[in-house]
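Convention: sequence-line order gives letters A, B, ...; per-chain numbering from 1.
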Amino acid sequence: MHQLNKLDTKMALLEVKDLKVRVEEREILHGLTLTVNEGEIHAIMGPNGSGKSTLSHVIAGKPGYEVTDGQILFKGEDLLEMAPEERAAKGVFLAFQYPVEIPGVATMTFLRTALNAQRKARGESEYSTPDFLKKVREVSKSLNIPQDMLKRGVNVGFSGGEKKRNEVLQMALFEPSLCILDEMDSGLDIDALRIAADGVNALHSPKRAMVVITHYQRLLNYIVPDIVHVMSKGRVVKSGGKELALELEASGYAQFEDAA
Amino acid sequence: MNVAVAKTGKGRAVSDLFTSAEGRLPGSPSVIAVRREAFETYERLGLPHRRIEEWKYTDLRALVGEVLPLAASPDAAALKRAADAVQANAIAGARKLVLVDGVFVPDLSDVKALASEAGFRTSRETLETDAGLLKTASNDAVIALNAAMATDGVVLSIADGAQLSAPIQIIHVAIAPSASAFTRSEVVVGKGARATIIESFVAAGAKAYQVSDAVIVTIGDNADVAYIRLMDDAPDAVNITSQFVTVGANTKLNIFNMTTGAAVSRLQGFITLAGEGSELGVNGVNLLQKTEHGDTTLVVDHAVPNCVSREIFRAVIDDRAHSVFQGRIIVRPDAQKTDGKMMIRALLLSDEAEADNKPELEIFADDVSCGHGATAGALDDNLLFYLKARGLPEKQAQALLIQAFVGEAIEQIADDGLREHVIGIAERWLERRQ
Ligand SMILES: Nc1ncnc2c1ncn2[C@@H]1O[C@H](COP(=O)(O)OP(=O)(O)O)[C@@H](O)[C@H]1O
Ligand SMILES: [Mg+2]
């Protein structure tokens, strides 16, 4: 009985508490609070400029953001004290809205270096080359990523859809416990969106949480959230079930902009 | 009065350098006379300094100060250490020719294996009777000093039509501390021949030594040659290398230089395209750290029409290091249809790192396509963050981006094994900055 109870209680994976963030002397997040438990899928919706990417960058540890107040805990640990690579090794993954191109660094080399760096940081053994190749082949096949793409420089000459699929590929390889997807749907046609969303859904597990940031409701037809948050002007102004997304689709963000 | 005294004092000191070495310098009296004349040229000019245009950024008087006495011939213990260094730096499958402190060592070399494919003599043998090796087109003070002091080197001749089955690797090993070694070599590649020649400079524990090397390369028509120089001398050493290269018609020549060592280094290459229809690539990578000063100075002389030259140079400069690149493209009046391009990029890894780039075009023909570009900058923060967000620690993220930065120059090396060897040296340099 006691045991069952314990299983029922979901552990908080990410706790953002009253977070205030400045960029170049201007406050962008004005006291944002958000809790994501393991196994949950959250959607963060909000108009352009409401601070969605800022939040995701601060969670990933991008320099240039000044946290003036509040805290972020990941599995109970102070995330803001950690270097970006430590956060990655502990299981934080951000699929970027705009993945960068890295000419001269072959995708395969990058994937292997990154995976082994994370494993090393966790005190795990490095992947052997055959195991690694097998794993990459499996995942890239399911995401419809051709092998010759992996030989090219990271994201170099990739289409928008290919870049996003490459982010999902990394997510699948690194097996993070928290996946933040920043506007994964932007610039994708329906087919590309479906492939990427299938990839994300395949990764969903009771221990892994997803935070899906999106401007449009469309993506949420493919990745169905447990909880939807509306963000406006640097705050979460409303949270609810998946029906909130449909409500937003019908009535727009205007009501919340006033609320913020 | 004072001036005269000072001059005499200095003059005697440098003269000692020559007179004390004279007994060890090969040459008949007539060859020695040529050497003495070269030494007088050096004495008259002294070490190059900043007021000499070609040496503006590399003031050897300030950076080096004095020329050290000639290293003694290596003894048995030295040769044993050299053997280890040779093994550690040998390129798999290459035929080795080993010079230890400026002395050719047959026991460490693959003279027999080479004999079936190329003619070989030591410079010592050649110089006993023939001063030809001491004469070069350009003759600045360091070249004159090299002519005066060269103890040995290799003289290679690759016959017309020969297709070398393996690269030839000349390995210079430094053993003696606080001493100098002077080598001078000659490579002649016949018509239609195909060859890869590598010169490696390494230390076997030696510190604070000086290396002066001069190579005269002559390539016939329709040949296909790669000439690679990998300078990985000790971090407190000095290396001054001069290359004189003449290229025949319809020939492909790829020159590559990588600097990963020495406190002070200068590679000066004088390359003349003397036959029409040839394609020249001169590519270089300087990886500099601490207070290292690395100078690459190239003169590509298009003497005839219809040749293509491409120079790709990458410098990675850390700490308080200083990289110099001077590239001059000369297009002679009748060298029409010349296509000469030079691209220089410097990556500055610290605020105190320094890069001086001096591209120059001297064009005397009117129907040509020539150009150059130069950039200098730091690593891209967005790329660094992307890599860190994927779990790479700062230095490892930097290393990946640095390798990508130098990759374009290294990729010009066609041979897979050789390219891997070069990447290995670059990786060791990256590990030294961890
Ligand atoms: N690097 C930056 N410098 C200055 N302002 C920024 C920077 N990044 C974001 N902002 C500003 O912060 C606000 C939120 O941006 P962002 O987080 O990108 O919003 P969203 O992702 O919701 O569209 C916007 O007003 C934007 O102009
Ligand atoms: Mg955004």
Side-chain angles (χ1 to χ4, degrees), chain A residues 56-65 82-122 124 126 152-156 163 166-167 169-171 173-176 180 182, chain B residues 258 283-285 287 312-316 343-347 349 351 373 375 377-413 416 419-420 422-424 426-431 433-434:
Chain A
S56 70
H57 288 156
V58 173
I59 293 171
K62 188 171 181 172
Y65 297 90
M82 296 178 208
E85 64 270 22
E86 270 181 275
R87 303 180 195 200
K90 290 210 187 262
V92 176
F93 183 92
L94 167 62
F96 288 90
Q97 179 171 4
Y98 303 109
V100 293
E101 298 188 7
I102 315 182
V105 177
T107 305
M108 211 58 166
T109 308
F110 158 70
L111 293 174
R112 189 199 320 240
T113 311
L115 180 60
N116 283 333
Q118 292 191 22
R119 292 179 68 90
K120 193 175 165 206
R122 293 193 293 261
E124 297 166 7
E126 295 196 352
R152 281 193 259 156
V154 176
N155 292 327
V156 177
K163 284 181 185 169
N166 190 19
E167 296 289 286
L169 168 66
Q170 293 170 49
M171 223 165 85
L173 278 179
F174 303 155
E175 302 180 79
I180 303 167
D182 192 0
Chain B
M258 186 159 79
N283 307 300
V285 171
L287 301 174
I312 299 173
F313 181 77
R314 298 279 182 273
V316 179
M343 187 64 210
I344 313 160
R345 288 178 65 196
L347 177 59
L349 296 177
D351 292 342
T375 64
L379 286 172
D380 184 323
D381 285 335
N382 282 321
L383 304 195
L384 274 175
F385 174 63
Y386 188 83
L387 295 174
K388 287 193 263 185
R390 296 301 181 244
L392 271 70
E394 173 83 25
K395 286 276 155 125
Q396 214 183 340
Q398 289 187 3
L400 215 51
L401 295 180
I402 293 167
Q403 278 177 291
F405 177 80
V406 299
E408 198 191 336
I410 292 179
E411 273 161 26
Q412 307 300 317
I413 301 172
D416 292 343
R419 198 173 52 249
E420 288 304 315
V422 170
I423 291 169
E427 282 173 350
R428 285 201 294 283
W429 183 87
L430 287 166
E431 279 159 20
R433 63 183 296 272
Q434 302 291 325

Taking every non-hydrogen pair under 4.5 Å, which of A:Asn116, A:Leu94, A:Val92, A:Val154 racks up the most with chain B?
A:Leu94
Nearest 0.5 Å please: distance from the CG atom of B:Leu392 over to the OG1 atom of A:Thr113.
6.0 Å
A:Ala121 versus chain B, the contacting section by heavy-atom distance below 4.5 Å:
neither
A:Asn155 (side chain) donor-acceptor with A:Val100 (main chain) under 3.5 angstrom
yes
Can you tell which part of A:Glu101 gets under 4.5 Å to a heavy atom of chain B, answering side chain, backbone, both or neither?
backbone
Nearest 0.5 angstrom please: A:Leu111 CG to A:Asn166 CG, how far?
6.5 Å
Any B:Gln403 side-chain heavy atom under 4.5 Å of A:Thr109 side chain:
no
